[in-house]
Amino acid sequence: MIDKHRYMDDFLASAEAETNITMLYHEIKDLMTLMKLPMEKWATNSLKLKKYVRHPFLLEGNHPFVLLLIRNTHVRLHLLGTRIVLSELRSDFWILRGRQAIKKVLPKCLPCKLSKLKCENQIEGPLPSERVTPSVSFSTTGNDIAGPLYVRNKSPSDTAYIALIICATTRALHIKLVSDLSTDKFLSVLQRFVGRR
């Protein structure tokens with residue numbers, strides 16, 4: 001049985017330069033992975049290897065800072081699950097009872113809750129019979145006026161309004177331009193609409 005804790009200096013005693021050390025480190029790591037013998041801990045006294053062989057910080061799983069760290073990592077990883085968050089955190093930290101801590105934080109994540117909500121169907125009221133019965137366009141209408149629109153004309157303060165006449169059945173739209181909001185102007189627009197449609 002192969003020990004899963006290796007003292008790196010045993011492997012690297014023959015290396016002379018830093019480049020040889022890093023190449024040898026990566027070769028050993030790839031070989032162990034290929035043989036399905038993952039190393040849990042790489043230890044070294046060499047200052048040259050300290051940047052390659054990192055020792056994770058040991059953190060208590062119930063500490064408020066750790067819970068914030070888990071939430072931050074979860075959001076940074078675009079709301080991924082427990083295993084991926086734990087894997088990402090273990091690259092820098094070793095959290096005691098880490099899986100339990102993550103499972104305690106993730107259900108409280110508001111974006112996750114919102115994304116998992118079931119959409120409710122809106123109960124709509126029945127439409128009036130004029131809106132659902134097939135008929136000729138503009139047999140049932142509604143009207144509205146939109147504006148004001150500012151028009152470039154001889155005087156700088158000219159305004160205009162848009163008169164909208166809408167078919168209730170087919171949703172067709174009749175649009176006319178009105179110079180002001182007086183009743184006479186609207187009745188003339190309505191008279192022209194009746195004469196045309």
Side-chain angles (χ1 to χ4, degrees), residues 56 59-197:
L59 299 174
E60 177 61 39
N62 295 330
H63 196 275
F65 170 76
V66 173
L67 301 179
L68 289 173
L69 182 67
I70 292 169
R71 187 178 306 144
N72 181 28
T73 306
H74 176 61
V75 171
R76 187 169 43 86
L77 294 175
H78 304 292
L79 311 176
L80 291 174
T82 306
R83 289 189 315 151
I84 296 173
V85 171
L86 184 63
S87 174
E88 178 68 20
L89 285 169
R90 280 191 176 161
S91 63
D92 294 318
F93 307 102
W94 188 268
I95 300 172
L96 299 176
R97 295 175 301 283
R99 191 174 306 276
Q100 292 173 2
I102 292 171
K103 285 183 177 180
K104 190 167 78 173
V105 170
L106 295 193
K108 296 176 185 174
C109 176
L110 184 61
C112 288
K113 282 183 184 179
L114 293 177
S115 67
K116 291 176 184 173
L117 281 179
K118 191 174 83 172
C119 293
E120 295 294 330
N121 292 331
Q122 181 72 28
I123 300 171
E124 297 179 4
L127 292 172
S129 60
E130 298 86 22
R131 299 261 322 254
V132 271
T133 308
S135 61
V136 181
S137 293
F138 294 105
S139 59
T140 306
T141 62
N143 53 36
D144 197 3
I145 293 184
L149 303 174
Y150 299 102
V151 180
R152 288 187 188 172
N153 209 353
K154 292 178 184 176
S155 64
S157 62
D158 281 348
T159 57
Y161 299 88
I162 301 172
L164 303 167
I165 301 174
I166 306 156
C167 173
T169 309
T170 62
R171 311 304 288 165
L173 187 63
H174 181 85
I175 301 172
K176 287 289 181 186
L177 199 60
V178 183
S179 59
D180 60 16
L181 290 175
S182 65
T183 307
D184 295 335
K185 297 289 182 179
F186 179 73
L187 288 176
S188 66
V189 167
L190 191 59
Q191 200 171 24
R192 278 181 280 170
F193 167 74
V194 171
R196 182 169 183 149
R197 302 284 178 182

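Treat the numbers as computed from the prediction; the structure is a model and nothing was measured. Worth knowing before you read on, the calculation uses all heavy atoms, side chains too, and leaves out hydrogens, waters and symmetry mates.
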Enumerate, atom names and distances included, each donor-acceptor pair closer than 3.5 Å involving a side-chain atom of residues 65-87, sequence neighbours excluded.
unit_1	atom_1	unit_2	atom_2	d
T73	OG1	L69	O	2.8
H74	ND1	L80	O	2.9

Side chains of residues 136-150: which donor-acceptor partners sit under 3.5 Å, not counting sequence neighbours?
unit_1	atom_1	unit_2	atom_2	d
S139	OG	S135	OG	3.0
S139	OG	V136	O	3.1

Sequence neighbours excluded and cut-off under 3.5 Å, please list the side-chain donor-acceptor pairs for residues 107-115, or say none.
unit_1	atom_1	unit_2	atom_2	d
S115	OG	P111	O	3.4
S115	OG	C112	O	2.9

Inset, instruction - Hey, could you give me the CZ/CG distance between R99 and L89, rounded to the nearest 0.5 Å? - result: 11.5 Å
Legend entry - Qualifying residues under salt bridge (Lys or Arg N to Asp or Glu O under 4.0 Å), relative to R97, sequence neighbours excluded: E60
Inset, instruction - Could you grab the distance from atom CG of L173 to atom CD1 of I165, nearest 0.5 Å is fine? - result: 9.0 Å
Quiz: residues 120-134 side-chain donor-acceptor pairs under 3.5 angstrom, not counting sequence neighbours:
unit_1	atom_1	unit_2	atom_2	d
R131	NE	A168	O	3.3
T133	OG1	S129	O	2.7

Inset, instruction - Scan for ring-ring contact (aromatic ring centres under 6.0 Å, His included) pairs involving residues 159-189, sequence neighbours excluded, and state none if there are none. - result: H174-F193
Inset, instruction - State whether a side-chain donor-acceptor pair under 3.5 Å links D180 with S182. - result: yes
